[in-house]
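Encoded as structure tokens, the structure appears first; notes follow it.
One is the number of the first residue; the rest follow in order along the sequence. Computed from a prediction, not measured in an experiment: that's the story for all the values here.
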Amino acid sequence: MTIRLISKNRYIGGIRDARFYRIAIIFLYAIIALWLNILINTPPARGYEISIYAAYSPIFWFLFILTIILGIGLTIYFIVRSISLWKYSLPAILIADTVVLFLPTIRNYEFCALGGSDIFAHLGWSKFILNTGHIMDGDHYPAMHIMMATVDQLSLLNPAILAAIISFVFFMLYVLSLFILGRAVFKDDKAAALLATFGSPLLFSFAHYAFYPFLFAIFFFPLLFYIMRKIERSENKGAYYTCFIILSLFIVFCHPMITLILLLILGVFYGYVQISNRFQLGFSCRFDILNMTAIVGITFVFWYIHFKSISSMGKSVISSLLGTRDTETIMAYNLDMVSQSGAPLIRVIEGFIKVYGPAVIYIVVALLITTYLVNEFLTKRRYADEMIYVVFFLLSIAFGAALTLGYFIVFEFIRATSFAIIMATIVCGIGFYALLKNTGTPNSKKIFTLVVVIMLCSVSILSVLNVYPSPWTMSAGKHMTKMEISGIDWVLTKQD
């Protein structure tokens with residue numbers, strides 16, 4: 001009798017919980033509908049705006065931030081409780097990301113960039129391909145330009161909107177790649193959802209809309225890791241090797257530095273396999289590392305050897321490494337700006353948190369998780385397969401430090417640390433899922449949920465406010481108005 005009563009109470013409690021969860025999901029999407037209504041009814045920009053965020057009312061941003069908090073909170077809660085309703089809360093986070101990425105288009109900006117921005121060079125190279133059917137001399141990464149020209153030919157949209165759509169598609173592909181990577185590593189949809197949730201914050205700031213082939217190429221890394229993982233376990237290896245080669249060649253023709261990072265990854269992967277075999281660490285590998293490295297390396301050399309600009313960049317890097325070239329580093333440039341501004345220390349710390357805080361939080365947390373995973377591996381021989389991502393993360397830290405402290409072609413902190421941000425995202429997802437699996441008591445799970453939700457909400461909100469320049473980040477809006485476009489067109493057509 002007692003057992004039946006307990007079972008009945010659990011059944012009733014389960015029904016009540018299920019109703020509460022569904023009401024929470026409905027409430028979440030009702031909030032989204034409210035701020036979408038405000039968004040649609042806000043008039044577009046008629047001139048220059050110092051801040052794209054100030055164009056919308058405080059109630060809009062309150063509801064928007066509430067969506068992020070509820071979306072992340074419900075997703076993590078459902079993952080921890082093994083409830084499949086994260087399939088409905090996770091898309092809410094991605095809807096918020098989508099709106100942020102398309103804000104310049106919604107505001108009717110001509111271009112969310114100034115005249116000297118990279119996007120105009122890439123659009124110019126794409127238009128040259130469209131007009132002539134040939135790649136312009138000196139176009140050493142034509143992959144994105146060919147893609148842009150193809151999409152431009154097939155659509156009726158203007159280049160600015162096309163560039164925004166392509167940037168959005170690559171970011172969503174990145175999040176999807178993290179999802180399938182998590183599923184491949186742990187064979188659990190909860191791990192996949194957790195990894196995708198960690199990938200949802202807009203950590204790459206202005207690079208999300210700057211149309212950087214650099215970022216598009218590096219967004220493929222989680223997908224490459226997934227393919228490498230599937231080769232380990234799948235019988236249909238030929239199909240996955242074909243996919244790996246196609247993606248690798250796309251990276252080669254997309255950006256030279258990302259190709260170098262890929263070669264470094266393959267080299268470190270090979271070294272890790274040899275060490276594992278030598279000391280019997282429990283990591284097995286059936287991936288043909290040497291042949292894949294040869295394909296990527298030979299293609300890279302034969303393509304880029306013809307460009308003088310690449311050779312001069314290589315000489316600059318070597319000169320900087322040897323100390324024979326006096327160049328300003330990213331670190332020195334930023335410290336010099338702080339020194340010249342004369343800002344008090346509290347303002348400097350505030351600016352650092354607002355601009356670089358999200359990336360630093362991810363990297364610091366990933367370092368803490370790295371110590372946990374390494375300790376588990378050394379003492380209990382656990383997570384031998386997952387340790388390869390820890391090794392890649394440590395490689396990314398070293399590479400990011402080299403780019404920040406030395407002169408290595410790129411000169412933005414976000415681009416210099418983008419590899420580290422991606423690897424930190426993967427390590428955080430893997431590490432927190434491992435901690436979740438080892439968490440048994442209800443109180444421990446509550447603490448786990450609270451920590452992850454606070455971390456992700458803080459990072460996501462700071463990231464949203466750092467995508468576009470504004471007084472919040474001590475900068476002004478950088479977009480071109482119709483008047484500015486008309487003036488530039490007049491100068492170019494009437495210059496005689």
Side-chain angles (χ1 to χ4, degrees), residues 14 17-18 20-21 24-25 68-94 175-201 203 222 225-226 229 282 358 361-390 392-393 421-460:
D17 288 345
F20 174 77
Y21 300 150
I25 294 294
I68 293 175
I69 295 172
L70 283 177
I72 291 173
L74 289 174
T75 301
I76 299 301
Y77 179 81
F78 291 148
I79 290 171
V80 172
R81 294 289 298 271
S82 299
I83 300 170
S84 61
L85 289 177
W86 57 261
K87 297 175 182 177
Y88 302 100
S89 57
L90 179 56
I93 305 170
L94 300 181
V175 176
L176 177 61
S177 300
L178 289 171
F179 181 88
I180 61 176
L181 175 63
R183 177 185 286 174
V185 172
F186 290 105
K187 296 182 176 60
D188 188 349
D189 283 348
K190 292 189 298 180
L194 187 61
L195 208 56
T197 307
F198 271 97
S200 63
L203 291 167
F225 296 153
Y226 165 76
R229 190 82 179 187
I361 290 172
Y362 260 41
I363 291 172
V364 170
V365 172
L367 285 171
L368 295 175
I369 289 174
T370 294
T371 59
Y372 167 75
L373 292 176
V374 169
N375 180 66
E376 290 289 301
F377 174 70
L378 293 177
T379 57
K380 302 177 183 178
R381 282 293 186 266
R382 302 175 66 188
Y383 309 118
D385 291 343
E386 290 77 16
M387 278 300 297
I388 186 60
Y389 303 109
V390 171
F392 291 160
F393 170 62
I421 291 172
I422 288 176
M423 292 313 308
T425 301
I426 294 173
V427 169
C428 283
I430 290 174
F432 275 114
Y433 181 77
L435 287 170
L436 175 61
K437 295 293 286 184
N438 294 331
T439 301
T441 63
N443 286 335
S444 298
K445 288 187 176 181
K446 289 179 182 178
I447 295 172
F448 173 89
T449 303
L450 185 63
V451 169
V452 176
V453 169
I454 291 175
M455 173 190 167
L456 284 175
C457 287
S458 302
V459 169
S460 296

**Report entry** Approximate separation, where rounding is to 0.5 Å, of Ile83 CD1 and Tyr21 OH
**Finding:** 3.5 Å
Query - Separation of Ser200 OG from Phe179 CZ (nearest 0.5 Å) - result: 13.0 Å
**Report entry** Neighbour count above 12 (heavy atom, 6.0 Å) for Phe78 CZ
**Finding:** yes
Query - Cation-pi check, Arg381 onto Phe377 ring (under 6.0 Å, within 45° of axis) - result: yes
Query raised in the report: Heavy atoms, side chains only, cut-off 4.5 Å: are Ile72 and Ile93 in contact?
Result: yes
Query raised in the report: When rounded to the nearest 0.5 angstrom, what is the spacing between CD1 in Ile426 and CZ in Phe225?
Result: 5.5 Å
**Report entry** Atom of Ser460, atom of Pro201 and distance for their closest heavy-atom approach
**Finding:** OG-CG, 3.4 Å
Query - Any side-chain heavy-atom pair of Ile79 and Leu436 under 4.5 Å - result: yes
Report task. Considering non-hydrogen atoms only, spot the tightest contact between Ile421 and Leu203 and give its length. Result -> CG2-CD1, 3.6 Å
**Report entry** Asp189 to Arg183 - nearest heavy-atom pair and separation
**Finding:** OD1-NE, 2.8 Å
Requested in this report: Measure the shortest side-chain to side-chain distance between Leu181 and Tyr389 over non-hydrogen atoms and say whether it is less than 4.5 angstrom.
Outcome: yes
Query raised in the report: To the nearest 0.5 Å, what is the distance between CG (Leu85) and OH (Tyr77)?
Result: 10.5 Å
Query raised in the report: For the atom pair OG (Ser458) and CD1 (Ile68), what is the distance rounded to the nearest 0.5 Å?
Result: 11.5 Å
Query raised in the report: Which pair of non-hydrogen atoms, one from Tyr383 and one from Ala434, has the smallest distance, and what is that distance?
Result: OH-CB, 3.6 Å
Report summary line: Between Met423 and Phe392, the two heavy atoms sitting closest are CE-CB, 3.5 Å
Query - Closest non-hydrogen atom pair, Tyr362 against Ala424 - result: O-CB, 3.8 Å
Query - Tyr433 vs Glu386 side-chain heavy atoms within contact, under 4.5 Å - result: no
Requested in this report: Apply the side chain to side chain contact (heavy atoms under 4.5 Å, CB included) test between Thr197 and each candidate in Ile76, Val175, Leu94, Leu178; give the one that qualifies.
Outcome: Ile76
Requested in this report: Mind checking the CE-CG spacing from Met387 to Leu378? Nearest 0.5 Å is all I need.
Outcome: 7.0 Å
Requested in this report: Could you pull out all residues at least two apart from Lys380 that satisfy salt bridge (charged side-chain N to carboxylate O under 4.0 Å, His left out)?
Outcome: Glu376
Query raised in the report: Would a 4.5 Å heavy-atom cut-off, applied to side chains only, mark Thr449 and Arg81 as touching?
Result: no
**Report entry** Side-chain touch Leu373/Phe393, heavy atoms, less than 4.5 angstrom
**Finding:** no
